[in-house]
Every structure is written in C-alpha cells, then in structure tokens.
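See below for the structure under consideration.
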Amino acid sequence: MKITDARLIICSPDRNFVTLRIDTDEGIYGLGDATLNGRELAVASYLSDHLLPCLIGRDPFQTEDIWQYLYRGAYWRRGPVTMAAIGAVDVALWDIKGKALNTPVYNLLGGQSRQGVMVYSHANGRDLSETVESVQKSIEEGYFAIRAQSGVPGMSGTYGVPKGGKAYEPAERGLPAESLWSTEKYLRFAPNLFEKLRVEIGPEIHLLHDVHHRLTPIEAARLGKALEPYHLFWMEDPVPAELQEGFELIRKHTTTPIAVGEVFNSVWDAHDLIRHQLIDYLRMTIVHGGGITAMKKAADFAAMYHVRTGCHGATDLSPVTLAAALHFGLAIHNFGVQEHMRHTALTDEVFPHQYTFDAGYMHPGTAPGLGVEIDETLAARYPYQRAYLPVARRLDGSITDW
Ligand code: EZ4
Ligand code: CO
C-alpha cells in the first residue's frame, strides 16, 4: 500500500479544527487531528508546507519509521507545533492500518483491556450553589467522575466558568480576551467548594479540579493539603510545569493526587515528574504528544512508576482525537480517566462518529480504524475564524499564567 495524497480540511463548526486526510492507492484513507487551540494555522503550514510532501509514496503501515523520519529526520525537534503535526500524521496512519486490517485501532494496541473508558465531565457555575447544581446535573447524566470549577467571590471571571450560561469554551473568536486573577481570593475559596460538594453529593463521586497553572509550588502545597479531607481524584496543573523539580515541594506537603501535562508534547517534558513519582496522572493529549506511537511509549514508561493516563479531552481536541484517546484508553493497562467535554451538535454533525457514552463510560465502537468520518461538504460551510485562548492579569495588571 502507498500513500497517494495528504491534505488538510480546516473548518470552524462552532470552533476551529484542523483535520488531516491521508489517501492511499487502495482507496483506504485515514484521518488525523492537527488542532492546536489558538495556533491552528501554524500547524497547518508545518504540515502542508513541510511534512505532507514527504509522505507521498510511503507505505502507511510503517508508523514507526515514518514517526522517526518526521521527528529525528527534521533535526529541529519537539514543541507543540511540530508534535501536533507529527501526531496528526501518526493517528491518520493508525486509522488506515485499522481499516486495512478490518479491525478497530484498539485491537492493534493490545485489544480491549476494560469494558469501557471512564470519562469525567465538566461542571461549573458562577458561585457555589450553581456549581453544586451543575455537578448534580452531571450525575443525572450518568457521570461518576466530575471536574468542578466555580466562580470566586470578588473576582469577575474565573478559569473554567463560562460567560452567559453557555457551555464552557476555552477559546473566543477575535483577539484574546483578558481576565483578572487573585491567588489569595482563590486559595481562600477553593476548599469551601469541595467541602460543600462532599456535603451535598456524598463520598462516592470522583471529584476533580483544574488549577490551570495559577499557583507557585508552595501555594499549590497549601491547596492540596486543604483539599485532602475531600479526597479529590486529582488536582490538575497546580503550577506551570517547566520546572519539574518544583513538584517535589508540592509532594512533600500533600497526598492530593496530581495530574499534569495537557501542554506537554513529549515524554521528556514529564521525565523527572514520572521517574521521581511527583505526579499520579499524565495528561498529554494523543495529538499534541506526537500521536499514538509516541503516547504508547510514554504510557509504558509512566506505568513503571505507577503513573496512569488522564488524557486531555477538551472541545479543542476534535472528535478524531477523542476517538483515538478512547481506542488508546480501552487498550492500555495504566489508563486512569479520560476527559470528556461534549462537542456541540454542529461539531458532531461535521464529524460523524461511532463512539458512545453510557453510564459514565465511553466506548470507541467496533468499526475498523478509529470510527470517525468528516463531512467535507458541511465543513466547507464553516470556514476558519481566528480565535484565541484568554490572557490573565493579576490585580496589579501584570501578566500571569492562564
Ligand atoms: O484550557 O483545552 O482541562 N482542560 C483544560 C482546557 C484547556 C484548553 C486549552 O486549549 O485545561 O480548558
Ligand atoms: Co486543564
């Protein structure tokens, strides 16, 4: 089998997606997601200007060789743009492989290791009572793992809480929005949220919380300690993770489990975190981590240190990445949990898919390959629109991590 064509479909059915389609001489094609929220066109150019011409004529079954060719062969390695591009190619090739062998991708990764993939939902509200209601709604929908985010008294907007009652969407069209941040207000409030939630919903439901890189290690240690009585499933991204040894300070003070890595793009970003057992869950996304080929190796390395996966799955990852994550999560042994933010009805219509949700678990379906399609005619009606993640400032106006 030979690759005969590789091209991009860039569309914006409620939000931007960059999708790669690779065609072969046997009529089989594969899809990969190349979306990098707020930097979509950089990945598109990396692919169409630099990577895709090198693919024509290659055997799509050679996922390992093609991965090494694109990673090692480029000389310039790593970084979110490069790795998202490589990830898109790799996922499309696994889709082709599955279709050619007439089997779902999970069968190529070890087969079905569990009945379904535990997913966590997003619950949020402008204040405590709205957040409690939102968590209760998730429970009614069947989720038993729920991420809770709440507006903080005295702060006009907070990460994870939507404006105007809409579903939370971590990107906005136009130039970047700005929000204000106060660590002290947040640290005083956050434990109240989880105290209230445990009183209202009891001990059984897994509760998660995303700190979104806002704290220093000692502040994160204080938060983790304060949250211990409410036994969180995880505290996510407590600090920006460039300084991996910073997590030693957090670990010294708290047993609240830690999840990190939605902005990572290589196992090297988590090398110290994993081998010093400073985290419990690795959140690297299939697409941004360089595809299934690289994620399988990262997960196997993590497994040796009791670290499980908890892949990023916000709506800026397309249904192609969600499907890939579900095949992956169904097969590997050290799967932890998968993030699940529902795509809009329009996004789902552009990407018809086989995956299903039932009682807190998802299943990728049994179709050959990934089990996701793209309706290109419909996609063409929703052209790309520039959009950005917000930017955050402290109360004194200086920039902080969003
Ligand atoms: O900010 O997906 O856990 N989920 C998150 C998301 C991220 C966006 C970035 O593109 O932190 O809301
Ligand atoms: Co996050």
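Ligands are counted one by one from 1 in listed order, and the atoms in each one are counted from 1 as well.
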For [X] and [Y], which I'm curious about, is there any donor-acceptor pair between the side chains at under 3.5 Å?
| X | Y | answer |
| --- | --- | --- |
| Asp90 | Thr293 | yes |
| Thr24 | Lys2 | no |
| His212 | Gln149 | no |
| Tyr143 | His340 | yes |
| Arg173 | Ser12 | yes |

* Minimum heavy-atom distance between Arg114 and Leu330, given as atom pair plus value ->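 Looking at all heavy atoms of both residues, the closest pair is O-CD1, 3.3 Å.
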* Asked: Tally of protein N/O/S atoms under 2.8 Å from the Co ion (ligand 2)?
  ->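 Atoms of protein N, O or S type lying less than 2.8 Å from the Co ion (ligand 2) total 3.
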* **Lys NZ or Arg CZ of Lys99 over Tyr29 ring: under 6.0 Å, within 45°** =>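 Yes, cation above the ring, under 6.0 Å and within 45°.
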* Are Arg147 and Phe233 in a cation-pi setup, meaning NZ or CZ lies under 6.0 angstrom from the ring centre and within 45 degrees of the ring axis? ->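 That pair does not qualify as a cation-pi contact.
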Distance dump, ligand 1 polar atoms to protein, N/O, under 3.5 Å:
| from | atom 1 | to | atom 2 | distance (Å) |
| --- | --- | --- | --- | --- |
| ligand 1 | 1 (O) | His212 | NE2 | 2.7 |
| ligand 1 | 2 (O) | His312 | NE2 | 2.9 |
| ligand 1 | 2 (O) | Asp316 | OD1 | 2.6 |
| ligand 1 | 2 (O) | Asp316 | OD2 | 3.3 |
| ligand 1 | 3 (O) | Arg147 | NH1 | 3.3 |
| ligand 1 | 3 (O) | Asp210 | OD2 | 3.1 |
| ligand 1 | 3 (O) | Glu236 | OE2 | 2.9 |
| ligand 1 | 3 (O) | Glu262 | OE1 | 3.0 |
| ligand 1 | 3 (O) | Arg283 | NH2 | 3.0 |
| ligand 1 | 3 (O) | Glu339 | OE2 | 3.2 |
| ligand 1 | 4 (N) | Glu262 | OE1 | 3.3 |
| ligand 1 | 4 (N) | Glu339 | OE2 | 3.3 |
| ligand 1 | 10 (O) | Asn37 | ND2 | 2.9 |
| ligand 1 | 10 (O) | Asp316 | OD1 | 3.4 |
| ligand 1 | 10 (O) | Asp316 | OD2 | 2.8 |
| ligand 1 | 11 (O) | Tyr159 | OH | 2.9 |
| ligand 1 | 11 (O) | Asp210 | OD2 | 2.9 |
| ligand 1 | 11 (O) | His212 | NE2 | 3.0 |
| ligand 1 | 11 (O) | Glu262 | OE1 | 3.1 |
| ligand 1 | 11 (O) | Glu262 | OE2 | 2.7 |
| ligand 1 | 12 (O) | Tyr159 | OH | 2.6 |

* **Sidechain N-carboxylate O distance under 4.0 Å for Glu64, Lys297** =>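 Looking at Lys297 together with Glu64, the answer is yes, because their closest N to O distance falls below 4.0 Å.
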